[in-house]
Amino acid sequence: MMHIEILINDTIITPPVRAAHSDVGALAEFTGFVRGEEAGRPISALVYEAYQPMAETVMRRLLTELAAAHPCNSVRVQHRIGIIRVGEAAIHIAVHAKHRAPAFALLAAFMDRLKQDVPIWKTDTFSA
Amino acid sequence: MMHIEILINDTIITPPVRAAHSDVGALAEFTGFVRGEEAGRPISALVYEAYQPMAETVMRRLLTELAAAHPCNSVRVQHRIGIIRVGEAAIHIAVHAKHRAPAFALLAAFMDRLKQDVPIWKTDTFSA
Amino acid sequence: MTVLYFAHARRIAAVTQEEIPVAAPLSSSNFWDLIIRRHAGMAPLRASSRLARGNDFLPPDAVIAPSDEIAIIPPVSGG
Amino acid sequence: MTVLYFAHARRIAAVTQEEIPVAAPLSSSNFWDLIIRRHAGMAPLRASSRLARGNDFLPPDAVIAPSDEIAIIPPVSGG
């Protein structure tokens, strides 16, 4: 069973826990930052909002589904909500696996599905 | 021009520098750990050796070549050499890009090519 | 029936949730007719939004009970 | 000519580098014949290893000059 941890909160995203099990050979990570431009206009910050229980449920289901095709040891997803300034991280995902191929595949597929099915929204921007 | 930083040394691998430029929306990272098994036998540590100037040159060339297909802002590669114990990181790569797709693509392609063309070797194992 | 509004839907409805008394089960189509009668500005969201119940997206042929809690999920943009 | 040995090749040659006087330019094939005459244990590496000069892999038809520094690159296993 793949261990899944999901955090959706307004705290600043911290570096991953790197504790490695001796059977873990690979850690693939993705961090998404707020860029200084949204829809062609300069911004200073974004606001993210979540339907929190559903977002967690959908992410957990997606990850379990993806793990069947791409066996990994653990996944940790942290999505920040509230006001996030340019240059700060909005999302961080860490996937630990025995080998790198399933870790990369699960990470990329999860990000694609997240952007289709997980009820989290950019709701506002602050102009720069 | 993509900024490239390559470190090949015997120091413990540290977390990435996360300083984000306001045009950077994505950071893809890979960390490779020494696993507790090599060729089916339990081990406690591995030894990595590099032909250092050539390894740096080949990595730099590979990255420049890959950046033409997958435009990214910067890449940082850190490969540890010497004795590395099980659970410690042997390699860490951090790719910053505007969007996640080129960051993932460059990272995965670089790891494949590294394992074919970069003169770095596992030379010894310590049994567990 | 409890209706939850998020993101753009919340801005249009100007509430995060509301109780709407309904006498009988509804189809998704009945649901949207009802919502748009209350909040005319929601009409453009009908085509792009999905409905959810109990943390699951509703299938198109689902029947909504008077006691259900239904969330309106505009197109997502997380990550 | 300077020859650099790495990894498995270094273990067989029992040196990290050595000077081998050569009178005339060599092909890769001449080079390997010479190396295997000095270090018989290198024979199994001939098929799997590549040669490098100046941080570049040598193309198969390259000519090796008496002043060159040539590295023997056994199959790599980094990362």
Side-chain angles (χ1 to χ4, degrees), chain A residues 6-10 13 29-35 38-39 43 46-65 75 77-82 84 88-94 107-125, chain C residues 1-20 26-28 31-32 34-36 38-79:
Chain A
I6 294 173
L7 303 162
I8 303 175
N9 56 42
D10 61 359
I13 287 182
E29 292 173 76
F30 174 73
T31 311
F33 300 103
V34 173
R35 290 197 303 117
E38 181 74 12
I43 64 163
L46 274 180
V47 182
Y48 278 96
E49 170 183 330
Y51 178 16
Q52 203 152 331
M54 181 172 170
E56 285 194 30
T57 302
V58 173
M59 285 199 253
R60 204 169 276 278
R61 192 185 302 135
L62 280 181
L63 290 168
T64 303
E65 202 181 303
V75 179
V77 179
Q78 188 173 4
H79 201 305
R80 193 172 162 194
I81 53 177
I84 312 181
E88 292 181 351
I91 188 166
H92 177 265
I93 305 171
L107 182 55
F110 178 70
M111 281 304 300
D112 291 344
R113 296 290 302 273
L114 173 83
K115 289 180 174 282
Q116 293 161 18
D117 293 332
V118 175
I120 297 179
W121 301 268
K122 291 177 191 167
T123 58
D124 281 293
T125 57
Chain C
M1 178 176 69
T2 305
V3 181
L4 309 181
Y5 299 92
F6 293 97
H8 195 42
R10 175 180 47 71
R11 209 139 34 182
I12 293 166
V15 291
T16 57
Q17 72 175 76
E18 62 182 345
E19 289 297 319
I20 305 180
L26 303 168
S27 66
S28 295
F31 174 89
W32 277 108
L34 182 63
I35 294 298
I36 291 165
R38 292 177 75 93
H39 307 284
M42 295 288 286
L45 286 187
R46 184 174 185 151
S48 59
S49 300
R50 287 178 282 180
L51 303 179
R53 176 175 59 194
N55 299 337
D56 275 313
F57 288 110
L58 269 191
D61 59 350
V63 172
I64 296 168
S67 60
D68 280 350
E69 180 180 85
I70 302 296
I72 297 178
I73 311 286
V76 305
S77 52

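- The distance from the CG atom of A/Leu62 to the CZ atom of A/Phe110 is 6.0 Å, given to the nearest 0.5 Å.
- Considering all non-hydrogen atoms of both residues, C/Ser28 and C/Leu58 come closest at OG-CD1, 4.5 Å.
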Could you list each donor and acceptor atom pair linking chain C to chain A at less than 3.5 Å?
| from | atom 1 | to | atom 2 | distance (Å) |
| --- | --- | --- | --- | --- |
| C/Ala7 | N | A/Glu49 | OE2 | 2.8 |
| C/Arg10 | NE | A/Glu49 | OE1 | 3.2 |
| C/Arg10 | NE | A/Glu49 | OE2 | 3.3 |
| C/Arg10 | NH2 | A/Glu49 | OE1 | 2.3 |
| C/Arg11 | NH1 | A/Thr123 | O | 2.9 |
| C/Arg11 | NH1 | A/Asp124 | OD1 | 2.9 |
| C/Arg11 | NH2 | A/Thr123 | O | 3.2 |
| C/Arg50 | NH1 | A/Asp117 | OD1 | 3.1 |
| C/Arg50 | NH2 | A/Gln116 | O | 2.5 |
| C/Asn55 | OD1 | A/Met54 | N | 3.3 |
| C/Asn55 | ND2 | A/Thr57 | OG1 | 3.2 |
| C/Asp56 | OD1 | A/Arg61 | NH1 | 3.0 |
| C/Asp56 | OD1 | A/Arg61 | NH2 | 2.5 |
| C/Pro74 | O | A/Trp121 | NE1 | 2.9 |
| C/Pro75 | O | A/Trp121 | NE1 | 3.3 |
| C/Ser77 | N | A/Ile120 | O | 2.9 |
| C/Ser77 | OG | A/Lys122 | N | 2.8 |
| C/Gly78 | N | A/Ile120 | O | 3.1 |
| C/Gly78 | O | A/Lys115 | NZ | 3.2 |
| C/Gly79 | N | A/His79 | NE2 | 2.9 |
| C/Gly79 | O | A/Tyr48 | OH | 3.1 |

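- Here the CD1 atom belonging to A/Ile81 is positioned 14.0 Å from the CG atom belonging to A/Leu46, to the nearest 0.5 angstrom.
- Ranked by heavy-atom pairs shorter than 4.5 Å toward chain A, the options C/Gly54, C/Ala7, C/Pro75, C/Ala71 are led by C/Ala7.
- Of all residues spanning residues 38-47 of chain C, none has a heavy atom less than 4.5 Å away from chain A's heavy atoms.
- The structure places CE of A/Met54 at 3.5 Å from CZ of C/Phe57, a figure rounded to the nearest 0.5 Å.
- Smallest separation of non-hydrogen atoms from C/Ile64 and C/Ser27: CD1-O, 4.2 Å.
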Given the rule in the side chain to side chain contact (heavy atoms under 4.5 Å, CB included) test, do C/Val15 and C/Val3 qualify, once you have shown the distances and angles that lead to the verdict?
-> CA-CA 10 Å; C/Val15 291; C/Val3 181; over 6 Å; no
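- Taking each heavy atom of A/Pro119 and C/Val76 in turn, the nearest pair found is CA-CG1, 3.7 Å.
- A distance of 10.0 Å separates CD1 in A/Ile91 from CD1 in A/Ile84, rounded to the nearest 0.5 Å.
- Note that the CG atom of C/Leu4 and the CG atom of C/Leu51 stand 11.0 Å from one another [nearest 0.5 Å].
- Using a 4.5 Å cut-off between heavy atoms, A/Ala50 contacts chain C through its backbone alone, with no side-chain atom that close.
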Start with the C-alpha distance between A/Val77 and A/Leu63, add both sets of side-chain angles, then the distance that settles side chain to side chain contact (heavy atoms under 4.5 Å, CB included), and finish with yes or no.
-> CA-CA 10 Å; A/Val77 179; A/Leu63 290 168; 4.0 Å; yes
